[in-house]
Amino acid sequence: MARINSDKMKDFLKVYFIAGSTNVHGSLPTVLQQAIEGGISIFQFREKGNGALTGESKITLARELQQLCQKASIPFIVNDDIDLAIELDADGVHIGQEDDNIIEVRKKIGDRILGVSAHTLDEAKAALASGADYLGVGPVFPTSSKADTREVCGPHFIEELRHEGIDAPIVAIGGINVENATQVVHGKADGLSVISAISSANDPSDAVKMLNEAWK
Ligand SMILES: Nc1nc(C(F)(F)F)ncc1COP(=O)(O)OP(=O)(O)O
Ligand SMILES: [Mg+2]
């Protein structure tokens, strides 16, 4: 298997759902299936925070979510937990600046998809030079889904990265919802990622359809 090409990665980033069991009131597999029916293009399993599952229950849930993604032919990405990603043969992983070393992770995962969080031009350049297939850039708006975020950079920051010659796949993250999604699209991101805009929606499928409208 070779590394994913940039255009295919950009297509996969369009509407990127990120969630773990603590982000939903009911069943995450049910919410994920609804999000898939609404048209998400990629999913990240991010099991973190108070009450997050561990051990066998985390693995069992991850397998169930991975199967839903496989049936829908969308990438299943694991956040932070490289060993879990390899155990499941996930499609890829996402790591941040405070997580494992990018070069070490690239060695461990082979040609699987590697996403890296970047908050500055230097972090973006270093991540790409170390083997990242896409960048998660943000938070573009204030967010309540992650307590320890860096300062809000605004949707224009991605455009600044483009002006600096970063044409690699970039997905915006942080406080994105159906109301502000078009700002992200106009800000030259290749995709938008959300947690609560889908996980807390009354109708997750409908929420995804509205997020997809931003790309029309
Ligand atoms: N999980 C993420 N996914 C993305 C993605 F690009 F996929 F949208 N971008 C950024 C993050 C944040 O990653 P990180 O900085 O390690 O924090 P945490 O591990 O708490 O999520
Ligand atoms: Mg992380």
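Owing to the predicted nature of the structure, the values given are computational and were not obtained by experimental measurement. Both ligands and their constituent atoms are indexed starting at 1 by order of listing.
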Give the name of the N/O/S atom in D80 that lies closest to the Mg ion (ligand 2).
OD1
Output, or 'none' if empty, a list of ligand 1-protein atom pairs in which both atoms are N or O and the distance is under 3.5 Å, rounded to 0.1 Å.
from     : atom 1 : to   : atom 2 : distance (Å)
ligand 1 : 1 (N)  : Q44  : OE1    : 3.0
ligand 1 : 1 (N)  : N79  : OD1    : 3.3
ligand 1 : 3 (N)  : Q44  : NE2    : 3.2
ligand 1 : 9 (N)  : H94  : NE2    : 3.4
ligand 1 : 13 (O) : S117 : OG     : 3.0
ligand 1 : 15 (O) : S117 : OG     : 3.3
ligand 1 : 16 (O) : G96  : N      : 3.1
ligand 1 : 16 (O) : D99  : OD2    : 2.8
ligand 1 : 17 (O) : K146 : NZ     : 3.0
ligand 1 : 19 (O) : K48  : NZ     : 2.9
ligand 1 : 19 (O) : N79  : ND2    : 3.1
ligand 1 : 19 (O) : D80  : OD1    : 3.2
ligand 1 : 19 (O) : D80  : OD2    : 3.1
ligand 1 : 20 (O) : R46  : NH2    : 2.8
ligand 1 : 20 (O) : K48  : NZ     : 3.1
ligand 1 : 20 (O) : K146 : NZ     : 2.9
ligand 1 : 21 (O) : R46  : NE     : 2.7

Strictly under 2.8 Å, is the Mg ion (ligand 2) approached by any N, O or S atom of E98?
no
Salt-bridge criterion met for K188 and E160 (N-O under 4.0 Å)
no
Side-chain heavy atoms of Y134 within contact of I170, under 4.5 Å
no
V171 versus D190: any side-chain heavy-atom pair under 4.5 Å?
no
Salt bridge present between E159 and R162 (N-O < 4.0 angstrom):
no
Is D80 salt-bridged to R46, going by a charged N under 4.0 Å from an acidic O?
no
Between L88 and R63, is any pair of side-chain heavy atoms under 4.5 Å apart?
yes
The atom name of the N, O or S atom in D99 nearest to the Mg ion (ligand 2) is OD2
Side-chain contact test, heavy atoms from C-beta onward, threshold under 4.5 Å: evaluate it for L84 versus K58 and give yes or no.
yes
